[in-house]
A.B. asks: 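Below is one structure. I have some questions about it.
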Amino acid sequence: MATTSNKTGEAKLNSFRTGPDDKGFFGLFGGRFVAETLMPLILDLERAYDDAKNDPEFGKALAFLHTHYSGRPSPLYFAERMTADLGGAKVYFKRDELNHTGSHKINNCLGQILLARRMGKTRIIAETGAGQHGVAVATVCAKFDMPCEIYMGATDIERQAPNVARMKLLGASLNPVTSGAGTLKDAMNEALRDWVTNVKDTYYIIGTAAGPHPYPMLVRDFQSIIGREVREQIVAAEGRFPDALVACIGGGSNAIGLFHPFLDDKDVAIFGVEAGGHGLDVENGHAASMNGGTPGVLHGNRTYLLQNYDGQILEGHSISAGLDYPGVGPEHSWLKDTGRVTYVSATDKEALTALQYCTRMEGIIPALEPSHALAHVMRLAPTMAKDEIIVMNLCGRGDKDLFTVAKALGMKI
Amino acid sequence: MKTQTRIDRRFAALKKEGRAALVTFITAGDPDLETSRKILFGLPKAGADLIELGMPFSDPMADGPAIQASSLRALQAGQDMKKTLALVAEFRAQDPDTPIVLMGYYNPIYVFPGDRFLDEAVKSGVDGLIVVDVPPEADEELCLPAIERGLNFIRLATPTTDAKRLPAVLANTSGFVYYVSITGITGSAAPDVNNVHSQVARIRKSTNLPVAVGFGVRTPEQAREIAVGADGVVVGSALVTAIQQSLDGDGHATGKTAAAVLDLVNSLSKALRG
Ligand SMILES: Cc1ncc(COP(=O)(O)O)c(C=O)c1O
């Protein structure tokens with residue numbers, strides 16, 4: 001990574017946007033920790049992505065789909081009532097919940113399905129937690145007529161029933177995963193086992209900015225459309241960049257998509273919000289891998305993990321299936337250690353409160369995942385001046401969570 | 001000339017005998033430490049020539065249901081890395097010759113942390129390491145420090161390791177090469193024997209190291225067929241399945257557990273000697 005030395009001889013970064021290095025590392029984090037069978041495949045993928053990146057036709061095809069299929073650019077919306085009520089900074093939402101399929105996950109899937117087709121792959125596999133990624137994968141597979149197998153934890157299948165129905169309607173075949181706690185980590189293990197078995201024809205669409213290099217990089221690049229749009233939209237609306245960015249962190253794809261284009265804009269404070277579950281002090285009761293974990297190696301990369309003293313991975317907990325993952329994308333781990341991004345957390349309860357608040361204040365039902373980001377906005381905005389600006393990534397809509405929310409609030413539906 | 005390790009000596013001796021090595025995999029602490037010790041200590045007499053001892057991990061991504069369950073049983077019984085190393089030390093105190101290769105995933109080693117793990121592995125009498133998720137691209141992480149300490153670092157070669165990649169895979173490999181006979185997870189369908197023979201021949205052209213073949217070998221008959229043209233046959237899922245089938249309704253070891261594994265090892269060994 002590019003560095004300069006200051007007078008004390010201490011190395012100082014002059015850009016936060018140059019990673020990863022050619023072995024896929026962001027400082028200590030990232031890399032390619034996979035079994036030999038998969039190594040040739042991820043090296044192939046790296047070459048294919050490099051090639052695609054430099055091909056204007058690839059960019060054009062993706063831009064066309066953004067405009068005509070998923071509905072980009074997504075609006076940047078001034079949350080007027082909420083701003084007045086919180087009494088501090090102006091709050092803007094980046095409305096990625098309005099994308100086709102209801103979340104930011106489609107941004108990544110459109111990019112990766114084009115890549116899979118370029119590589120001549122004929123079968124798609126994916127893991128999913130909340131089912132938003134699974135739905136986005138099933139959607140692009142329907143559109144491009146590719147067979148698709150989705151791995152989803154049995155626990156998640158139960159709490160995200162609407163998305164299960166959508167995937168089935170879209171023609172995906174759904175594989176319930178019962179190992180472990182039956183959540184996202186276990187689904188990812190099973191997807192990797194499928195990939196290692198079906199190496200010739202299969203493309204694995206990873207749903208977040210994690211996994212072995214080049215996935216964290218390419219998922220970030222496909223999601224960075226979020227931050228690039230915000231740069232233009234906020235200047236159009238306010239004549240300047242925001243003072244703060246806020247996004248929730250599962251594996252970290254919506255967050256890195258918003259953050260990355262702003263990493264070198266020093267005056268923009270950046271906050272990632274992890275799932276605090278029952279509270280960071282409750283052992284195995286949260287999914288805040290950076291605030292409550294330690295570095296380790298899982299799913300092909302080194303990153304902060306929830307684990308015990310022996311390196312055994314913990315299941316973690318979050319009310320939000322999309323945040324219920326014991327790791328985090330490696331670039332976030334690096335941004336944490338460099339201090340460029342501040343990572344905080346919000347509990348299940350705070351997220352539920354934020355969800356209800358947003359619904360009543362703005363007439364928008366957010367997903368439980370961005371409700372965590374919103375919980376932090378509710379803390380942050382009142383501490384800022386009225387002429388300051390916060391942009392939050394409203395990366396998913398709440399339809400999928402209605403059963404979970406109703407149950408948590410004791411509502412009958 | 002590098003000093004000979006226990007693994008080198010064992011393969012050299014078997015070459016003189018004119019037969020392939022039986023390499024057996026069990027997970028340390030499966031189904032509990034006491035039973036696992038009994039199995040481990042009985043393996044050489046039952047006919048195991050080399051022992052792969054699994055370091056249990058919560059997320060064994062390259063393993064099928066049998067070894068996943070085995071890992072989970074060990075962890076639930078309280079196994080951890082310290083106990084695994086202590087188990088090897090106990091074994092080594094009463095068996096100076098049978099090579100032990102620790103096999104598993106990187107994370108429990110990384111958090112130990114790695115340097116201390118390597119030092120303690122050497123002290124305990126470990127001979128080699130197979131770490132599934134540390135490819136040659138990351139050699140400086142673990143492989144080179146292991147070699148510096150005199151441990152063999154055994155690399156997996158797979159059907160996807162093509163001619164271009166094979167030299168990189170073999171570069172820092174020592175002890176033996178582990179040929180994974182299928183693309184897939186452990187315990188999957190049996191490999192096509194003819195295909196395995198030609199793949200092993202392909203690898204031999206690039207190395208003088210012994211080549212052992214594993215993944216999917218279950219029965220004495222398969223072991224005998226695979227052994228033709230190979231220097232070793234690895235059996236794992238079949239052994240931990242034998243453990244599983246011997247457990248009582250609560251998943252605890254019974255009087256039959258150790259014998260179930262050792263009897264199977266015995267018949268595999270006979271097939272290779274026969
Ligand atoms: C709406 C929504 N937001 C966020 C996430 C978390 O993923 P990431 O951190 O990669 O954005 C998910 C995952 O399923 C999601 O569905």
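Protein chains get the first letters and strands the later ones, always in sequence-line order, with residue 1 at the start of each. These values consider heavy atoms only, across backbone and side chains, with no hydrogens, waters or symmetry-generated copies.
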A.B. asks: Hey, does A/D310 have a side-chain heavy atom less than 4.5 Å from the side chain of B/V111?
C.D. replies: no

A.B. asks: Return the minimal non-hydrogen interatomic distance between A/F33 and B/E141, and the atom names on each side.
C.D. replies: CZ-OE2, 3.7 Å

A.B. asks: With only heavy atoms counted, which part of B/F112 is less than 4.5 Å from chain A, the side chain, the backbone, both or neither?
C.D. replies: neither

A.B. asks: Looking only at side chains, do B/Q68 and A/S179 share a donor and an acceptor under 3.5 Å apart?
C.D. replies: no

A.B. asks: Donor-acceptor check, side chain of B/T160 to backbone of A/P40, threshold 3.5 angstrom: yes or no?
C.D. replies: no

A.B. asks: Which atoms of B/P136 come close to chain A, meaning under 4.5 Å heavy atom to heavy atom: side chain ones, backbone ones, both, or neither?
C.D. replies: side chain

A.B. asks: Who among B/M61, B/K164, B/E137 has the most heavy-atom pairs with chain A under 4.5 Å?
C.D. replies: B/M61

A.B. asks: Taking A/I313's backbone N and O only, do any of them form a donor-acceptor pair with B/S58's side chain (distance below 3.5 Å, no angle check)?
C.D. replies: yes

A.B. asks: Which one of B/K82, B/M81, B/R165 has the most heavy-atom pairs closer than 4.5 Å to chain A?
C.D. replies: B/R165

A.B. asks: Is it the backbone or the side chain of B/V169 that comes under 4.5 Å from a heavy atom of chain A, or both, or neither?
C.D. replies: side chain

A.B. asks: Which residue out of B/T158, B/V131, B/N107, B/I185 racks up the most heavy-atom pairs below 4.5 Å with chain A?
C.D. replies: B/N107

A.B. asks: By a 4.5 Å heavy-atom criterion (distance strictly below it), what part of B/L75 contacts chain A: side chain, backbone, both, or neither?
C.D. replies: side chain

A.B. asks: Chain B: which of A/L38, A/L314, A/N189, A/L192 shares the most heavy-atom pairs with it under 4.5 Å?
C.D. replies: A/N189

A.B. asks: Under 4.5 Å heavy-atom distance to chain A, tell me which part of B/D63 shows up: side chain, backbone, both or neither.
C.D. replies: backbone

A.B. asks: Quick one: does B/T161's side chain get under 4.5 Å of A/E36's, heavy atoms only?
C.D. replies: yes

A.B. asks: Residues of residues 294-308 of chain A under 4.5 Å from chain B (heavy atom pairs)?
C.D. replies: A/P295, A/G296, A/V297, A/L298, A/H299, A/R302, A/L305, A/Q307

A.B. asks: Do A/R193 and B/S188 make a side-chain contact, defined as non-hydrogen atoms from C-beta onward lying under 4.5 Å apart?
C.D. replies: no

A.B. asks: Give the member of A/N198, A/V34, A/L41, A/V199 that has the highest number of heavy-atom pairs under 4.5 Å with chain B.
C.D. replies: A/V34

